[in-house]
There are 2 protein chains.
Amino acid sequence: MRIGEVAAGAGVSVRALRYYEEQGLLTAERSPGGQRRYAPGTVERVRFIQNLYAAGLGSKAVLRILPCMEHGVLTDEMHERLVAERARVQAQLDELTATRDKLDAVIRAGQAHRDRREGGAGAGDPRGCASAFAERP
Amino acid sequence: MRIGEVAAGAGVSVRALRYYEEQGLLTAERSPGGQRRYAPGTVERVRFIQNLYAAGLGSKAVLRILPCMEHGVLTDEMHERLVAERARVQAQLDELTATRDKLDAVIRAGQAHRDRREGGAGAGDPRGCASAFAERP
DNA sequence: CTAGGACCTGACGTCGACGTCAGGGTCAAG
DNA sequence: CTTGACCCTGACGTCGACGTCAGGTCCTAG
């Protein structure tokens with residue numbers, strides 16, 4: 001595949017693919033004229049790289065856990081790294097879940113406030129949704 | 001509270017707090033000499049700001065959904081923004097979950113590969129964990 | 001063989017969330 | 001009043017993941 005096809009297939013820019021190669025995340029054969037020719041499966045690989053980036057891993061971290069796709073074998077070191085990164089991702093997941101729940105609380109509290117106001121009465125303590133942030137897990 | 005106390009309490013740098021003020025995310029009274037004096041509750045607010053940043057929202061997005069903590073009332077616009085940002089967070093959660101599951105699959109496949117190798121035999125197709133990436137949901 | 005779209009290698013630009021340094025003022029205790 | 005910890009305002013530096021521009025090359029359809 002040519003670089004443009006991979007880029008379109010994976011939904012990234014051509015520049016990004018060259019950058020990945022620069023970082024050692026991607027390799028490519030070259031045509032006689034020097035143009036990159038990618039193996040099939042590269043699109044999947046690029047998508048996974050994107051996933052890892054989206055999970056907050058820097059290119060060095062990606063570089064450390066990615067080689068398993070080429071060798072197909074997990075050394076003890078690779079295994080530990082994978083487990084460690086999985087833990088990081090899980091931690092991110094927990095934080096994100098908490099944040100989502102807070103947003104939900106704010107939304108619900110705001111709804112309640114608006115419902116009561118629709119009912120009619122007082123504006124004594126204008127703190128409606130603010131109390132949603134007072135929790136301490 | 002003084003800025004150092006807030007910073008320590010929320011686990012951020014003094015510089016970050018000044019930056020938040022610069023972005024309109026935080027306000028503070030001033031002492032006669034010009035030093036910032038923060039209201040109690042600021043620590044919670046800062047923690048929430050950190051949560052939002054960690055959720056991938058930029059300071060402008062934070063600025064748009066944060067005013068509810070001051071006014072305590074959700075306008076229709078605020079409500080829509082909150083719901084929209086909640087959706088973004090949820091989408092991030094979904095992607096992160098998928099990535100975690102992929103990592104799990106890689107780890108399990110690698111384990112299986114190592115277990116078999118411990119058993120003894122062949123090295124025909126050295127793709128061990130690589131097949132874990134072949135899925136298409 | 002030729003046009004024009006795709007590709008190449010540098011190399012500088014960007015943007016956000018701060019870090020950091022310089023030079024000086026403030027505050028509370030003794 | 002002095003001292004030492006804390007705080008102030010600029011203002012430039014950083015880092016990662018690309019964007020973008022310049023100037024030239026490759027490839028393939030006609």
Side-chain angles (χ1 to χ4, degrees), chain A residues 1-39 42-43 45-66 85 88-89 92 95-96 99, chain B residues 1-39 42-43 45-66 85 88-89 92 95-96 99:
Chain A
M1 307 179 72
R2 305 176 65 173
I3 195 171
E5 308 175 66
V6 176
V12 304
S13 70
V14 166
R15 176 68 174 96
L17 294 178
R18 292 200 268 251
Y19 174 73
Y20 295 162
E21 184 172 334
E22 198 177 324
Q23 301 302 306
L25 305 178
L26 223 49
T27 56
E29 304 289 303
R30 295 298 183 123
S31 81
Q35 300 195 352
R36 292 171 180 82
R37 292 297 135 91
Y38 292 96
T42 303
V43 169
R45 186 188 177 93
V46 170
R47 283 194 179 137
F48 187 60
I49 293 175
Q50 286 277 306
N51 286 339
L52 294 178
Y53 275 135
L57 312 191
S59 61
K60 51 188 177 172
V62 175
L63 186 55
R64 284 188 170 177
I65 79 169
L66 206 57
E85 297 300 345
R88 296 171 67 93
V89 171
Q92 264 227 341
E95 280 192 33
L96 259 187
T99 300
Chain B
M1 306 177 74
R2 305 176 66 172
I3 195 172
E5 307 177 65
V6 176
V12 304
S13 70
V14 167
R15 175 69 174 97
L17 294 177
R18 292 201 268 253
Y19 174 73
Y20 295 163
E21 183 172 334
E22 199 177 323
Q23 301 302 307
L25 305 177
L26 222 51
T27 56
E29 303 289 303
R30 295 298 183 122
S31 80
Q35 301 194 352
R36 291 173 181 82
R37 291 298 136 90
Y38 291 95
T42 303
V43 169
R45 185 187 179 95
V46 170
R47 284 193 179 138
F48 187 59
I49 292 174
Q50 287 278 306
N51 286 338
L52 294 177
Y53 275 135
L57 311 191
S59 61
K60 52 189 177 170
V62 176
L63 186 55
R64 283 187 170 178
I65 79 168
L66 205 59
E85 297 301 344
R88 296 172 67 94
V89 171
Q92 264 228 341
E95 280 191 33
L96 259 186
T99 300

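Values below: every heavy atom of this structure, side chains too, minus hydrogens, waters and symmetry copies. Quick note on labels: first sequence line is chain A, next is B, and so on, each numbered from 1. Model, not experiment: these values are computed from the prediction.
- When each of B:Gly33 and B:Tyr19 is assigned the nucleotide of DNA chain C with its nearest heavy atom, B:Tyr19 is the one assigned upstream, toward the 5' end.
- For the pair A:Glu21 CD and D:dA17 P, the computed distance is 17 Å after rounding to whole Å.
- Here the options are A:Tyr20, A:Tyr19, A:Phe48, the test is ring-ring contact (aromatic ring centres under 6.0 Å, His included), and the partner is A:Tyr53; only A:Tyr20 passes.
- Using a cut-off of 4.0 Å between Lys/Arg side-chain N and Asp/Glu carboxylate O, A:Arg88 and A:Glu85 are scored as salt-bridged.
- Closest contact between the side chain of B:Arg30 and the listed nucleotides C:dC18, D:dC8, D:dC26 involves D:dC8.
- Side chain of A:Arg15, nearest nucleotide from C:dA6, C:dG19, C:dC12: C:dC12.
- If you check C:dC18, D:dA17, D:dC27 against the side chain of A:Ser59, the one that comes closest is D:dA17.
- Between the side chain of A:Arg18 and the base of C:dT9 there is no donor-acceptor pair of N/O atoms closer than 3.5 Å.
- Here B:Tyr20 reaches the OP1 or OP2 of C:dC18: one of its side-chain N or O atoms lies under 4.0 Å away.
- At C:dT26, none of the side-chain N or O atoms of B:Ser31 fall inside 4.0 Å of OP1 or OP2 (strictly under the cut-off).
- Among the heavy atoms of the strands, none lies under 4.0 Å from A:Arg37.
- Closest to the side chain of A:Ala16, out of C:dC27, C:dG16, D:dC18, is D:dC18.
- In this structure, the side chain of A:Arg47 does not engage the main chain of A:Gly11 through any donor-acceptor pair within 3.5 Å.
- For C:dG19, one of the phosphate oxygens OP1 or OP2 lies less than 4.0 angstrom from a side-chain nitrogen or oxygen of B:Ser13.
- Among the nucleotides D:dC27, D:dC18, D:dC7, the one closest to the side chain of B:Ile3 is D:dC7.
- At the heavy-atom level, A:Arg36 lies under 4.0 Å from the strands shown only through sugar-phosphate atoms.
- Atom P of nucleotide C:dA17 and atom CD of B:Gln50 are separated by 11 Å, given to the nearest angstrom.
- A:Glu29 has its CD atom 17 Å from the C1' atom of C:dC8, to the nearest Å.
- Between the C1' atom of C:dC8 and the CG atom of A:Leu17 lies a distance of 14 Å, rounded to the nearest Å.
- Put simply, OH on B:Tyr53 is 9 Å from C1' on C:dC18, counting in whole angstrom units.
- Here the closest heavy-atom approach between residue A:Val14 and residue A:Gly4 is recorded as CG2-CA, 4.3 Å.
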